[in-house]
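One-based numbering, in listed order, for ligands and for the atoms of each.
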Amino acid sequence: MSEAILLVGGKGTRLRPLTSHTPKPLLEVAGVPFLTHQLRRAAAAGVTRIVLATSYLAELFEDEYGDGSELGLRLEYVTETEPLGTGGAIRNAAGRLTCGPDEPVLVFNGDILSGVDIAALREGHRAAGADVTLHLTRVEDPRAFGLVPTDDEGRVLAFLEKPETPEQIVTDQINAGCYVFTRAVIDRIPAGRVVSVERETFPELLVSGALVRGVVDDTYWRDLGTPAAFIEGSADLVLGAVDSPAVPGDTGEALVLPGASVGQGAVLCAGTVIGSDAVVEDGAVVEASVVLAGARIATGSVVRNSVVGRGARIGGHCTVDSAVIGDGADVAAGNELPPGLRIGCGVRLPAEGIRVSAGRTPCSELPRAVHV
Ligand code: GTP
């Protein structure tokens with residue numbers, strides 16, 4: 001028996017409006033809810049029982065996965081009435097673990113796509129007799145992240161806030177959002193209040209002399225928390241740049257789910273996914289995008305690096321670039337959207353609502369409804 005906790009209670013504010021009524025881990029990435037990729041990877045690494053720490057839109061998780069038997073897992077659900085933060089959620093979920101105090105427990109953030117060897121992380125933790133083992137990844141530009149320097153033996157030296165000056169960039173190693181805790185360490189996290197593992201639990205463990213290890217692993221890693229990363233992560237799965245046993249089809253330029261329809265001369269490329277019952281009409285081009293179930297892209301439109309929400313409509317001859325189109329939104333024919341636009345769920349953008357080429361409408365002057 002090997003147990004894990006998956007943190008899935010966040011509000012996913014950076015992905016609004018997609019997360020207005022779907023929790024981030026249940027948004028479809030390469031054709032299945034993102035969480036399915038994580039659950040299948042965990043199962044493949046020998047994890048048998050997972051406690052899902054839910055909060056925001058909690059009931060939707062059990063509706064999707066039930067007892068987990070279809071995935072070969074035993075799933076338990078714990079709900080925080082008020083979000084307790086990452087540490088508080090781990091502590092709260094621990095009440096449902098069955099393992100003893102010396103056993104390793106894997107903990108995953110619910111929005112990380114990675115190729116890390118989960119079983120090796122757990123076995124390395126056990127062999128080292130560590131209190132906590134963190135998966136660390138290296139990033140080119142560490143300025144947006146908390147830094148985690150380690151010594152030659154992999155012992156974590158500090159947890160540093162986001163660097164503000166070049167001198168503060170002492171390492172390119174960052175917390176990759178996947179941990180192994182010895183169970184007894186979780187039981188010592190204060191119960192019933194908001195706790196951040198990154199800002200409170202880990203630094204306190206260092207002060208107390210605990211053995212906190214960092215394992216740097218340079219396989220694929222991406223935090224899918226922003227629209228750009230979400231779209232890139234999905235495209236990488238479709239293209240096969242990262243392996244997942246959950247991708248429902250062969251990897252390649254595009255993944256077209258059952259029930260979707262693609263017209264003559266339409267071009268799907270760069271890791272695009274077309275959701276079930278979605279329609280791409282003749283001559284449309286969809287590049288590196290996530291088109292969710294039941295959406296429709298009309299003839300002659302070009303959609304690039306974007307998410308088109310469930311049941312959303314893109315009229316003919318539109319240009320959509322780096323956009324997030326909410327569920328059920330309706331973009332009338334002929335619109336050329338300024339890059340990076342987010343359109344709220346159910347919002348109707350009228351014909352000629354935004355024309356970049358004809359006079360460059362500044363975002364501040366766009367109809368209020370298109371802002372999230
Ligand atoms: P943003 O609002 O866009 O920052 O996203 P988020 O709410 O998911 O927050 P963040 O990306 O920092 O969270 C990292 C992981 O921890 C995600 O898998 C979240 O679902 C999860 N998480 C964050 N806060 C909580 C919480 O209070 N309770 C639980 N159960 N999970 C949480």
Nearest to atom 20 (O) of ligand 1, what protein heavy atom do you find, and at what distance?
-> Gly10 N, 2.8 Å
Is there at least one pair of N or O atoms, one from Gly12 and one from ligand 1, spaced under 3.5 Å apart?
-> yes
Does Pro83, backbone or side chain, put an N or O under 3.5 Å from an N or O of ligand 1?
-> no
Is Asp111 salt-bridged to Lys24, going by a charged N under 4.0 Å from an acidic O?
-> yes
Is any side-chain heavy atom of Leu257 less than 4.5 Å from a side-chain heavy atom of Ile274?
-> no
Regarding Thr54 and Thr79, is there a side-chain donor-to-acceptor distance under 3.5 Å anywhere?
-> yes
State whether Lys162 and Glu164 are salt-bridged, where the test is any N-O pair (Lys NZ or Arg NE/NH1/NH2 against Asp/Glu carboxylate O) under 4.0 Å.
-> no
Heavy atom of Ser55, distance to ligand 1 below 4.0 Å = no
With heavy atoms of Lys11 as the reference, note each atom of ligand 1 found under 4.0 Å away.
-> 7 (O)
Charged N-O contact under 4.0 Å between Arg183 and Asp102 | no
Tell me: protein heavy atom nearest atom 31 (N) of ligand 1, and distance?
-> Gly9 N, 3.0 Å
If you count the non-hydrogen atoms of other residues, nucleotides and ligands that lie under 6.0 Å from CZ in Arg143, is the total more than 12?
-> no
Considering only protein heavy atoms, which is closest to atom 12 (O) of ligand 1, and at what distance to one decimal place?
-> Arg14 NH2, 4.7 Å
Ranked by distance from atom 27 (O) of ligand 1, the top protein heavy atom is Gly85 N, 2.7 Å
For atom 2 (O) of ligand 1, grab the closest protein heavy atom and report residue, atom and distance to one decimal in Å.
-> Thr13 OG1, 2.6 Å
Lys/Arg-Asp/Glu bridge criterion (N-O < 4.0 Å) met for Glu3, Arg49 | yes
Exercise check, heavy-atom protein proximity under 4.0 Å to atom 7 (O) of ligand 1 = yes
Given that the side chain starts at C-beta and the backbone is N, CA, C, O, which of these parts of Asp111 lies under 4.0 Å from ligand 1, counting heavy atoms, or is it both or neither?
-> both
Determine yes or no for a side-chain-to-main-chain donor-acceptor pair under 3.5 angstrom, with Tyr220 supplying the side chain and Asp243 the backbone.
-> no
Of the protein's non-hydrogen atoms, which lies at the shortest distance from atom 9 (O) of ligand 1, and what is that distance?
-> Lys24 NZ, 4.4 Å
Examine Val197 and Val156 and state if one hydrophobic cluster contains both, with Ile, Leu, Val, Met, Phe, Trp and Tyr joined whenever side-chain heavy atoms are less than 4.5 Å apart.
-> yes
Any N or O on Leu15 sitting closer than 3.5 Å to an N or O of ligand 1?
-> no
Can we call the ring centroids of Tyr179 and Phe202 under 6.0 Å apart?
-> yes
For Tyr56, enumerate each residue passing the ring pair (Phe, Tyr, Trp, His ring centres under 6.0 Å) test, keeping only those at least two apart in sequence or located in another chain.
-> none
Is there any N or O on Leu7 that sits under 3.5 Å from an N or O of ligand 1?
-> yes
Give the residue, atom name and distance (to 0.1 Å) of the protein heavy atom nearest atom 30 (N) of ligand 1.
-> Glu80 OE2, 2.7 Å
Which of the ligand 1 atoms, numbered from 1, are nearer than 4.0 Å to a heavy atom of Gly110 | 17 (C), 18 (O)
Which protein heavy atom lies closest to atom 15 (C) of ligand 1, and at what distance to 0.1 Å?
-> Asn109 CG, 3.8 Å
For ligand 1, which atoms sit closer than 4.0 Å to a heavy atom of Leu84?
-> 27 (O)
Just by modelled atom types, is the Thr299 backbone N or O under 3.5 Å from a matching donor or acceptor in the Glu281 side chain?
-> yes
Enumerated ligand 1 atoms positioned under 4.0 Å from heavy atoms of Ala89 = 28 (N), 29 (C), 30 (N)
Under 3.5 Å, N or O to N or O, is Thr86 touching ligand 1 that way?
-> no
